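All values derive from a computational prediction rather than experimental measurement.
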Amino acid sequence: MTVEIQPVRGMNDVLPAEIGAWQRLEDTTRELLASYGYEEIRVPVVEHTALFKRAIGEYTDVVEKEMYTFPSQGGESLTLRPEATAGIMRALISNGMLRGQRHKLWCIGPMFRHEKPQKGRYRQFNQVDVEAIGIPGPDVDAELIALTARLWRRLGIERVRLEINSLGTPESRRAYREKLVGYFRAHEGALDADSRRRLEGNPLRILDSKNPEMRAIVAGAPLLTDHLDPESREHFDALCAALQSIGIPFRINPRLVRGLDYYSRTVFEWITDALGAQDAVCSGGRYDGLIAQLGGEPTPGIGFAMGVERVVDLLVQAGHAPTARAADVYV
C-alpha cells in the first residue's frame, strides 16, 4: 500500500476557497503602496548565511534557533531567508543603488523560520515588506505608520492598536547596556538559560523574553527611554507629535525592543487581541546603521513587515473576505 505524502509540518496549502481573502489583501496593499510612491522589488529566497548573521545578530532567536541553513555543493553556507530587509539592503549595495539616492521599495513573498507551528505562526509564512531608504527625519516614520493605518481602514480591520518606542543610537544603548547588565547580574539566579546566555552577548534581548516567569524581573529593569540621547529624544518626540496631529492613536511601550539587532531609534508594532498568543500583525522600525554594517555607504532607513497569514485571519474574522463567486449563467 502506498503511503500518502503529507505536507511538511508548518508549511500550509492555500486552497481556492481561501484565496479570495489573500487576493484582496494583496491587491489592496499593492494599490495603496503605489499611491505612496513605493516600487516593487524582488529578491532571492536563498542568501549567504553570513548576510543574516551580520544583519540580524548572532544572539537573536532567529539566528540561533530558527534559520533553515544548509551547505551548497560548493561548500558555501546558504540560508532560506527568515526576513526580507537584509536581502533588500544587500540588493541595493550589490546593484550600486545607493550613492546618496532615496528609495521607497516593497516586496511580498515567503519567509522561513523553524519555529513551533501554531495558529498564526508557520515555518513557511508570507510577509509584505516595505522599506524607505535614505530619509533620516521622523516624517517618513510617521508616513509608514500612517500608511499601515490607512491599510487597516481600507480592509475594514478594526481590532488592531499601535505601540511605539525608541531604542536610541548604538552609543546611547551602550551606556544603557551597562545599567541593564548590572541590574540583571543582581538577579542572575532568577534568569532562565536563554537570558543568562544573552546577558553576555546582547542583554537587550532579555527584555524581549517570552517566558512568563521572566515578566516580574523584566518589569523592574531600567527603562531605555530614560537613557535616550538628545537627538533620539527629539526624533521620537517629533514622531509622537506627527501621529497626534494626524489622529493616529498610539501607546508608548518602553519594553518594545523588537527581535532583530539592526533596529535603532523608532520601533513600532501593530498588535491585536483577536489572534490569541500571536498578537503582532505588523512590526518595524528604523535601522540607520544596517547598510554600513553590510558594507555599503552609511544610509538611514526604516521599514516594516506585515504577516500576510495573520492579516488574512483578521480579514476573515471581520467578515470582509470575498466569498466564492457563484456562476452567472448555468446551462
Side-chain angles (χ1 to χ4, degrees), residues 1-30 42-49 51-53 56 60-87 107-129 155 157 159 193-194 208 210-212 259-260 271-283 305-327:
M1 180 178 176
T2 303
V3 177
E4 181 181 342
I5 298 176
Q6 295 296 319
V8 177
R9 186 166 182 249
M11 302 188 182
N12 300 338
D13 303 308
V14 180
L15 303 178
E18 305 165 321
I19 204 68
W22 287 67
Q23 291 174 337
R24 179 168 182 224
L25 170 59
E26 292 165 1
D27 292 345
T28 303
T29 301
R30 184 175 287 107
R42 303 187 184 189
V43 293
V45 171
V46 179
E47 298 272 8
H48 291 289
T49 304
L51 171 66
F52 301 113
K53 285 188 173 182
I56 297 173
T60 59
D61 281 349
V62 173
V63 171
E64 287 185 324
K65 304 175 182 178
E66 298 170 1
M67 294 202 310
Y68 282 89
T69 298
F70 55 94
S72 70
Q73 290 184 342
E76 298 175 299
S77 180
L78 304 177
T79 294
L80 293 176
R81 62 184 184 191
E83 57 98 55
T85 300
C107 73
I108 185 171
M111 313 294 159
F112 302 85
R113 296 186 189 180
H114 194 275
E115 301 181 286
K116 180 181 178 182
Q118 52 189 291
K119 182 175 175 55
R121 175 170 287 186
Y122 309 102
R123 291 178 174 175
Q124 176 178 315
F125 57 97
N126 290 270
Q127 284 186 341
V128 173
D129 191 88
L155 292 173
I157 292 173
R159 292 178 65 177
D194 273 349
D208 200 38
K210 301 300 186 291
N211 183 351
L260 310 178
I271 60 177
T272 182
D273 60 0
L275 299 178
Q278 304 309 316
D279 61 352
V281 294
C282 177
S283 306
M306 180 179 72
V308 173
E309 285 87 349
R310 296 181 190 180
V311 178
V312 164
D313 283 346
L314 290 177
L315 199 57
V316 171
Q317 284 191 31
H320 298 305
T323 55
R325 184 177 177 183

Side-chain donor-acceptor pairs under 3.5 Å in residues 3-19, sequence neighbours left out?
from: Glu4; atom 1: OE2; to: Gln6; atom 2: NE2; distance (Å): 3.1
from: Glu18; atom 1: OE1; to: Leu15; atom 2: N; distance (Å): 2.8

Minimum heavy-atom distance [X]-[Y], with the two atoms named:
X	Y	value
Leu155	Leu315	O-CD1, 3.3 Å
Leu25	Met306	CD1-CE, 3.9 Å
Ala84	Met111	CB-CE, 3.6 Å

How far does [atom1] of [X] sit from [atom2] of [Y], to the nearest 0.5 angstrom?
X	Y	atom1	atom2	value
Arg121	Leu275	CZ	CG	12.0 Å
Met67	Leu78	CE	CG	11.0 Å
Arg24	Thr29	CZ	OG1	10.0 Å
Ser283	Glu83	OG	CD	12.0 Å
His114	Gln124	NE2	CD	13.5 Å
Thr85	Gln127	OG1	CD	8.0 Å

Derivation and outcome, side-chain contact (heavy atoms from CB on, under 4.5 Å), residues Asp273 and Asp279: CA-CA 6 Å; Asp273 60 0; Asp279 61 352; over 6 Å; no
message: With a 4.0 Å cut-off on N to O distance, would you call Asp313 and Arg310 a salt bridge?
response: no
query: What residues, two or more places apart in sequence or in another chain, satisfy side chain to side chain donor-acceptor pair (under 3.5 Å) together with Asp194?
result: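 Asp194 satisfies side chain to side chain donor-acceptor pair (under 3.5 Å) with Lys65, Arg197 once adjacent residues are dropped.
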